[in-house]
Amino acid sequence: MHSLSTQLGPLSLKNPVLTASGTFGYGQELEALVDLSQLGGLVCKTVTRHPRAGNAPPRTCETPAGMLNAIGLQNVGIERFIAEKLPYLRQFDVPLVVNVAGESVEDFAFLARALSAQEGIAAIELNISCPNVAHGLDFATDPALTEEVVSHARASTHLPVFAKLSPNVTDITLIARAAEQGGAHALSLINTFVGMAIDIRTRRPRISNISGGLSGPAIKPLALRAVYRCAQAVKIPLIGIGGIMNANDAIEFFIAGASAVQIGTATFVQPDAALSVIRGLEEYLDASSISSIQELVGSIRVD
Amino acid sequence: MHSLSTQLGPLSLKNPVLTASGTFGYGQELEALVDLSQLGGLVCKTVTRHPRAGNAPPRTCETPAGMLNAIGLQNVGIERFIAEKLPYLRQFDVPLVVNVAGESVEDFAFLARALSAQEGIAAIELNISCPNVAHGLDFATDPALTEEVVSHARASTHLPVFAKLSPNVTDITLIARAAEQGGAHALSLINTFVGMAIDIRTRRPRISNISGGLSGPAIKPLALRAVYRCAQAVKIPLIGIGGIMNANDAIEFFIAGASAVQIGTATFVQPDAALSVIRGLEEYLDASSISSIQELVGSIRVD
Amino acid sequence: MQNLKTEIIYHQEISPAHFRLRARSAEIAHSARAGQFVHILPRAVNFSFDPLLRRAFSIAALQDDTFDVVYRVEGRGTALLSRHQKGDTIDVLGPLGVPFAPPVTKNILVGGGVGVPPLAMLAAQHEGDSTRRMTALVGARSRDYLVCVDDLERSGLDVRVATDDGSVGVQGRVTELLEPMLADLAPDAERPLVYSCGPLVMLRAVAKMCQTYRVPCQVSLEESMPCGVGVCNGCVVPLLNAADDYGAYRRICVDGPVMWSHEIAW
Amino acid sequence: MQNLKTEIIYHQEISPAHFRLRARSAEIAHSARAGQFVHILPRAVNFSFDPLLRRAFSIAALQDDTFDVVYRVEGRGTALLSRHQKGDTIDVLGPLGVPFAPPVTKNILVGGGVGVPPLAMLAAQHEGDSTRRMTALVGARSRDYLVCVDDLERSGLDVRVATDDGSVGVQGRVTELLEPMLADLAPDAERPLVYSCGPLVMLRAVAKMCQTYRVPCQVSLEESMPCGVGVCNGCVVPLLNAADDYGAYRRICVDGPVMWSHEIAW
Ligand SMILES: Cc1cc2nc3c(=O)[nH]c(=O)nc-3n(C[C@H](O)[C@H](O)[C@H](O)COP(=O)(O)OP(=O)(O)OC[C@H]3O[C@@H](n4cnc5c(N)ncnc54)[C@H](O)[C@@H]3O)c2cc1C
Ligand SMILES: Cc1cc2nc3c(=O)[nH]c(=O)nc-3n(C[C@H](O)[C@H](O)[C@H](O)COP(=O)(O)OP(=O)(O)OC[C@H]3O[C@@H](n4cnc5c(N)ncnc54)[C@H](O)[C@@H]3O)c2cc1C
Ligand SMILES: Cc1cc2nc3c(=O)[nH]c(=O)nc-3n(C[C@H](O)[C@H](O)[C@H](O)COP(=O)(O)O)c2cc1C
Ligand SMILES: Cc1cc2nc3c(=O)[nH]c(=O)nc-3n(C[C@H](O)[C@H](O)[C@H](O)COP(=O)(O)O)c2cc1C
Ligand code: FES
Ligand code: FES
């Protein structure tokens, strides 16, 4: 028998596969297609202090082996999230990670505090790296700001805190160390890469926001490198994110040093992609008679 | 009748399509398949002060809509380049851009000087952004170093100088401005993105160098964004590079603000890819009765 | 809504670059309603991720345990779909979205190009219902872009066609066929219900016209749809005076594709 | 070397996951020599870039104006290639690379798995030449992995087979068939020429054995080949005491794929 269980700081998960923020709604929409209780965890769409209408359409466009998006953190705001979404999410037997974003250090602390008072939340993921809103990237591009926002959030809650970093930086290990310094229990690596596409007929950007975040298989090699480098730089657990379409992709991230993975764009292609990854991991462990996924974590051979 | 001619600082090109460094050898290999005289320009593989053996194999691997490479600047060194490669390249009626890389400011100045003494060189492209050699990225990640290396190279030659920048930075416009400040006649945007891939059977990196540079269609949205942002930041002409597979891709770069483009990985897929892009541009201009490619440059509509 | 592997039992080019695809799925055939769509994943081989995302197609017709879509080859996704052969299995997610509202006594179907298929299904579902009369107005660039006219006629509808080049029916826009029908309505006459699906420019014109003549109008909208099931918030359309979960924006995939035109901030 | 659009005139699965593809190209048929390869671009539709790069395949046979490749489905590129049908056009670059050196009076062909095809072509090109005797030793995992043995026999060769599971021929490695043949050579006897193509582990073992018994050996190497024409420097192999343009490295696509095993830094 094998074990898929993993540990993200104080948080234990029965398996290391979570859904990525903004790609699984609040769970509701996919309930009919996906048995949520099988997930290692569910990370919900970013919640902000105040409701956000989001960006004007068009918000997405397909690119080679990827897609651009600039949703603009459309969400109902923390108040209504707690009142309307949380009760629904709570009923499922799945660890719930609430992803939050703010425009100031105080915002993040406020959101962390507000969520601490609630039942049924497994952890908080700090989205300090959304490329599609003003100030969105500021935090995750500056080590000092990153440490500050993480430490304030940490101080405002008893819940485990994950910091979700941006890959759009010169040296992500500097940001990773700062987040570790700030007390993050784990790092979510990575958010999207900033890109754009142009409609050559209209000569306009294909996305109203002009630029958007690139996700999907196209970025997998870049995300994997970010995880590998951070694994050499910090001691806290890493959550690998970026272009994971199947179990083999996920295994690359474990070998590079990730203790868990998140499935994003793949869910658009196959609603139950996360469950397929879990099944695939089980088969892989059995086939290669590895007893625990932990044996894979950071097992890359570079000698 | 339309005009494809373009201007890169003092250098006039009959059309705006060049082959990218490291993807067209020294012209020899593809002579049988490609009429070199039709190219807007030919950028040859990076030449260094001393010969380089390059990295151990495996040096490349395919990724979704892209590829990783870590060749390690294998080249014969400036001396033998001048003695053996240049005479051959000179015989073709095509502007020759010699791409050079050094490990110090002095190296770049030395290489620029050495090439100035030679006949038949149209411009020098400074590769301050190769991700696959030690120190390779240092220059293009630091504005001060970038300005210094560019200005020294400028001072060492009468030839036009292009600076080839790295996309692996937090804010490429800072580097672009520094290169402009240093006197670059044009900017080549961009070199590859650093990524990696792992063979899950052996648990080893698929590339001996561990990480490699990601190129091909996968990075097109990211490269296009870099060109667009730099077009807002500097006045010197830009050369768009990254995932250009056909004329439509090239047109996106012109609209974003590029005055020319380079074709890299596409040449591996279709040896005459650069010529197809040129033909495609001609058809596009005719079809949309645009008289000059210059009307496209920077014509993006974001109102 | 289910995620199904369905077998293609018919796939033909019905006019240049236009295809009719029929696949077996009792689930969809028994539950789908006119105006709903399917999200199809075109794949050449496993682990090939370009094109990456599913493609949305309105359901054009239903039989015992099969459904049809009629599509035009636009880009690489539809090109790849058109390569699939009879006997191949395709990955289909559906039926998805909000269907058309029930017809009233007088109904006018206004379709353009590949917007006609869902209207053809609406007509088929009410075939022979003498209490709900339907008229169809179809617009297309030219003869080659006309699809599903025969389906409409088979359902007993009186179909009027307008083409940009006059190769079929009158030359001009489909709205030129609609205007007189609305203009002739006595102010106090019972209002017909207009159903419209087609290019955005056409939908806008139809919506405007219906507003002018105070005629209710349902439109079926299109937007790039990464997920098709409401989780990505990518496919939105702004609504007039709406402000709830989704602010002023509604997701076309789950709150549409069919909406009341007077609700939309055109 | 040319870049050609060639028509597939035959494409069959000859054993599980193994295919023989025949395409029309007078250019290749008339110029190709044993050991050379073609670089084939598998494409589902235009503007679909995953898989992105060409795939290399040794030429397995030539006819008047057609050529064959015999391949095994490894990943998505070969899977996609296997979907191409008779009548389809494929984009082929070739013939590429350095062919095998001419045979001597005694020659031993040592092939493993899909490394056998180029040896089959070598044998066919010297069929009936009584001055150059050839023996073939073929290794494979099992019966299902054996290809081109019939081609070799049709060329009149005595073919000995070794499979890992003993399903055909002797159970064991092909090198176990080679060793006695080399060991029995009298020290002063004329040396045979060994040609080898197959998995790297096999090539290494054969090379070592040939070195031990002082027998010249030609090997056909494989490496990931982005361009196949020598411009990317991606496909290199390190050589012993070589230092010129390419330092210690040679490009397998243009300086190979066939090389003398004693030159290689194994
Ligand atoms: C609810 C709905 C119903 C539809 N019904 C039909 C139908 O019955 N028949 C038909 O021919 N077409 C229909 N379409 C349009 C069809 O989805 C597009 O033509 C198709 O997605 C184009 O894909 P492509 O890869 O060929 O084009 P590409 O331009 O290569 O596609 C690139 C990206 O843009 C998206 N895209 C491009 N055009 C459209 C569009 N018009 N609408 C939405 N996304 C688009 C694609 O999905 C893909 O993600 C419908 C669209 C929607 C949203
Ligand atoms: C000179 C030469 C001749 C060859 N002749 C034959 C032949 O006659 N029959 C046959 O079945 N195979 C042959 N091969 C191997 C064949 O090219 C690979 O099996 C094929 O490229 C695998 O592609 P894929 O997409 O199916 O596998 P994937 O694993 O999906 O390929 C991923 C990437 O790795 C590369 N790659 C994977 N395996 C190999 C390999 N063994 N050699 C080179 N590149 C590889 C692919 O080209 C691609 O770029 C030859 C290779 C070379 C270099
Ligand atoms: C449509 C879309 C919306 C997203 N919204 C959010 C978000 O609200 N908050 C966040 O932290 N990340 C968001 N992301 C980023 C993903 O969580 C993930 O980090 C990224 O997509 C890379 O993973 P992938 O390649 O598997 O999609 C979004 C991604 C997509 C495609
Ligand atoms: C195999 C390979 C080798 C390369 N070698 C060099 C090089 O020597 N010098 C350089 O400046 N860029 C080099 N590049 C980068 C390309 O010139 C180009 O900037 C990059 O590949 C992006 O363009 P593309 O997506 O069209 O390939 C190389 C790229 C590849 C794929
Ligand atoms: S397509 Fe994702 S929400 Fe509509
Ligand atoms: S494959 Fe490019 S040099 Fe050999």
Side-chain angles (χ1 to χ4, degrees), chain A residues 61 63-68 137 141-142 166-171 175 193-206 208 210-212 214 216-229 243 245 247-256 284 288 296 299-303, chain B residues 61 63-68 137 141-142 166-171 175 193-206 208 210-212 214 216-229 243 245 247-256 284 288 296 299-303:
Chain A
C61 94
T63 67
M67 64 173 281
L68 290 167
L137 271 173
T141 56
D142 180 315
S166 166
N168 303 290
V169 294
T170 305
D171 183 353
I175 313 295
F193 289 78
V194 190
M196 74 186 281
I198 295 172
D199 181 332
I200 66 172
R201 283 174 297 98
T202 62
R203 297 193 193 176
R204 295 184 177 282
R206 285 191 179 277
S208 69
I210 300 181
S211 67
L214 184 64
I219 67 168
K220 197 191 79 180
L222 309 181
L224 190 66
R225 170 97 194 309
V227 168
Y228 172 72
R229 291 206 60 223
M245 300 300 283
N248 287 358
D249 293 338
I251 291 164
E252 282 190 79
F253 280 83
F254 292 120
I255 294 173
Y284 174 84
S288 42
L296 281 184
S299 64
I300 185 167
R301 300 172 52 196
V302 293
D303 48 332
Chain B
C61 93
T63 67
M67 65 173 280
L68 290 167
L137 271 173
T141 56
D142 180 315
S166 166
N168 303 289
V169 294
T170 305
D171 183 353
I175 313 295
F193 288 79
V194 190
M196 76 186 280
I198 295 172
D199 181 332
I200 66 172
R201 282 175 298 97
T202 63
R203 299 194 192 175
R204 293 185 177 282
R206 286 191 178 276
S208 70
I210 301 180
S211 67
L214 183 64
I219 67 168
K220 197 190 80 180
L222 309 181
L224 189 66
R225 154 94 170 159
V227 168
Y228 172 72
R229 290 206 61 222
M245 300 300 285
N248 286 357
D249 292 338
I251 291 165
E252 282 190 80
F253 280 84
F254 292 120
I255 294 172
Y284 175 83
S288 41
L296 280 184
S299 64
I300 186 166
R301 299 173 53 195
V302 295
D303 48 332

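Residue numbers begin at 1 in each chain, while the letters A, B, ... track the order of the sequences.
Separating the CD1 atom in A:Ile251 from the CD1 atom in B:Ile198 is a distance of 11.0 Å, to the nearest 0.5 Å.
Nearest heavy atom pair, residue A:Leu214 against residue B:Pro221, reads CD1-CG, 4.2 Å. Contact detail for A:Arg301 and B:Pro205: the closest heavy-atom pair is O-CD, 3.2 Å. A pairwise comparison of heavy atoms in A:Arg225 and B:Gly195 identifies CB-CA, 3.8 Å as the closest pair.
Residue B:Ile200 touches chain A through both its backbone and its side chain, counting heavy-atom pairs closer than 4.5 Å. Contacts of A:Leu68 with chain B are made by side-chain atoms alone, with heavy-atom separations under 4.5 Å and no backbone atom involved. When heavy atoms are compared at a cutoff of 4.5 Å, A:Ala226 does not approach chain B at all. Heavy atoms of A:Leu222 lying under 4.5 Å from chain B belong to its backbone as well as its side chain.
Your options are B:Ile300, B:Thr202, B:Thr63, B:Ile219, and the one with the most heavy-atom pairs under 4.5 Å with chain A is B:Ile300. Highest contact tally toward chain A, considering only B:Phe254, B:Phe193, B:Tyr284, is held by B:Phe193 [criterion: heavy-atom pairs under 4.5 Å].
Every side chain to side chain contact (heavy atoms under 4.5 Å, CB included) that A:Ala223 has, sequence neighbours left out, goes to A:Ile190, A:Phe253. A search for side-chain hydrogen bond (donor to acceptor under 3.5 Å, both in side chains) contacts involving B:Asp171 returns B:Thr173, B:Arg229, not counting sequence neighbours.
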